[in-house]
Amino acid sequence: MKIATWNVNSLKVRLPHLLQWLAANPVDVLCIQETKLTDDKFPVADINAAGYEVAFTGQKTYNGVAILSRHPLTDVVRNNPHYPDEQQRLIAATVQGVRIICAYVVNGQAVGSDKFAYKMAWLAALRTWVQEEMAAHPDFAILGDYNIAPDDRDVYDPVEWAGAIHCSEPERAALGELTALGLTDAFRLFEQPEKQYSWWDYRMMAFRRNRGLRIDHILLSSSLAKRCTACTIDREPRKWEQPSDHTPVIATLD
DNA sequence: ATGGCCAGATTTTCTGGA
């Protein structure tokens with residue numbers, strides 16, 4: 001079973017990329033973020049025609065998440081029951097016995113800002129929900145755009161980014177609290193090349209210069225971590241015309 | 001060359017992203 005995550009940065013713009021990528025990478029489950037579409041505009045027929053069921057929750061302009069699956073999706077939950085939120089950032093479903101959460105974590109804008117406080121409160125509530133879901137479902141995975149680089153090696157210039165949004169101590173501590181529930185960063189289960197990132201700024205030729213951050217993650221429960229045989233970042237779609245600024249991350253489970 | 005973005009709104013500039 002292959003599970004993947006990709007922040008598409010507007011599904012309206014990126015639908016052709018999504019379909020092209022799925023044709024070349026027929027993963028079992030794909031979690032997408034930043035669809036930026038209300039539910040009535042979600043391209044269900046195109047995704048079904050590609051061989052995927054889909055569960056989604058969206059809004060106009062911002063946020064929006066979906067889970068695509070080649071297998072039946074059951075027990076869909078939209079949003080965190082412990083955190084009433086207008087912003088559509090979370091959706092959960094069960095696929096072949098695996099409980100999946102697709103997450104678009106708050107950006108936070110700047111350390112100390114109101115949006116940063118929202119990010120921290122949102123992450124604390126996420127932890128409560130994840131703890132509950134893990135208790136009910138030992139085979140558990142949470143995939144998405146965390147907007148947090150876990151470690152300095154996940155940052156192209158850790159000195160320039162020291163203490164900044166996505167890299168600050170409170171954010172890394174919050175991610176640590178989440179993984180302390182018994183989750184493992186699938187990417188770090190394996191030897192990886194240096195300077196592997198999942199996002200690059202559109203500006204300043206950041207992709208060409210590999211000035212990126214690794215902020216998109218697949219976290220696995222211990223039972224799934226044992227089944228995990230690979231985790232890779234696919235840089236290819238970032239090279240395509242009019243790309244998302246994020247690129248897919250894929251984990252293979254036995 | 002250390003720099004020159006992108007998507008969406010109800011657009012002719014702004015917000016938010018990361």
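These numbers were taken from a predicted model, which means no experiment stands behind them. Order of the sequence lines sets the chain letters (A, B, ...), proteins ahead of strands, with each chain counted from 1.
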How would you label the contact of [X] with the nucleic acid (heavy atoms, under 4.0 Å): base, sugar-phosphate, or nothing?
X	result
A:Tyr197	nothing
A:Arg208	nothing
A:Lys60	base
A:Asn7	sugar-phosphate
A:Asn107	base

When the distance from [atom1] of [X] to [atom2] of [N] is rounded to whole Å, what number comes out?
X	N	atom1	atom2	answer
A:Tyr202	B:dG16	OH	P	18 Å
A:Asn9	B:dA18	CG	P	7 Å
A:Asp154	B:dA18	CG	C1'	15 Å
A:Asn63	B:dA7	CG	P	17 Å
A:Asp216	B:dG17	CG	C1'	13 Å
A:Phe207	B:dA18	CZ	C1'	16 Å
A:Ile148	B:dG17	CD1	C1'	16 Å
A:Arg203	B:dC5	CZ	C1'	6 Å

Pairwise 5' ranking along DNA chain B for A:Thr35 and A:Ile165, keeping only the more 5' one: A:Thr35

5'-most by nearest nucleotide on DNA chain B - A:Lys115 or A:Pro243: A:Pro243

Any side-chain N or O of [X] below 4.0 angstrom from OP1/OP2 of [N]?
X	N	answer
A:Gln242	B:dA7	yes
A:Ser10	B:dG8	yes
A:Tyr104	B:dA18	yes

Ring centers of A:Trp240, A:Trp21 separated by less than 6.0 Å: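 No.
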
Verify same cluster id: A:Val29, A:Tyr52 (apolar side-chain graph, 4.5 Å):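 A:Val29 does not cluster with A:Tyr52.
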
Path from A:Val27 to A:Val8 over hydrophobic side-chain contacts below 4.5 Å: yes

Between [options], which one does the side chain of [X] approach most closely?
X	options	answer
A:Tyr62	B:dA7, B:dA18, B:dT15	B:dT15
A:Met204	B:dG8, B:dG3, B:dA7	B:dG3
A:Arg209	B:dG3, B:dA7, B:dA18	B:dG3
A:Lys36	B:dG17, B:dA7, B:dA18	B:dA7
A:Arg14	B:dA18, B:dA7, B:dG8	B:dA7

Modelled atom types, side-chain donor and acceptor of A:Glu34 and A:His246, under 3.5 Å: no

Check: A:Ser244/A:Asn9 side-chain N/O donor and acceptor closer than 3.5 Å: no

Considering only atom [atom1], compute the distance from [N] to [M] and round it to an integer number of Å.
N	M	atom1	value
B:dA18	B:dC6	C1'	12 Å
B:dA7	B:dG3	P	24 Å
B:dG4	B:dG8	P	24 Å
B:dT11	B:dT15	C1'	12 Å

Working for salt bridge (Lys or Arg N to Asp or Glu O under 4.0 Å), residues A:Arg214 and A:Asp185: CA-CA 12 Å; A:Arg214 193 177 69 90; A:Asp185 179 352; 2.7 Å; yes

salt_bridge(A:Glu171, A:Lys119) N-O dist < 4.0 Å: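 Judged by the 4.0 Å cut-off on N to carboxylate O distance, A:Glu171 and A:Lys119 do form a salt bridge.
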
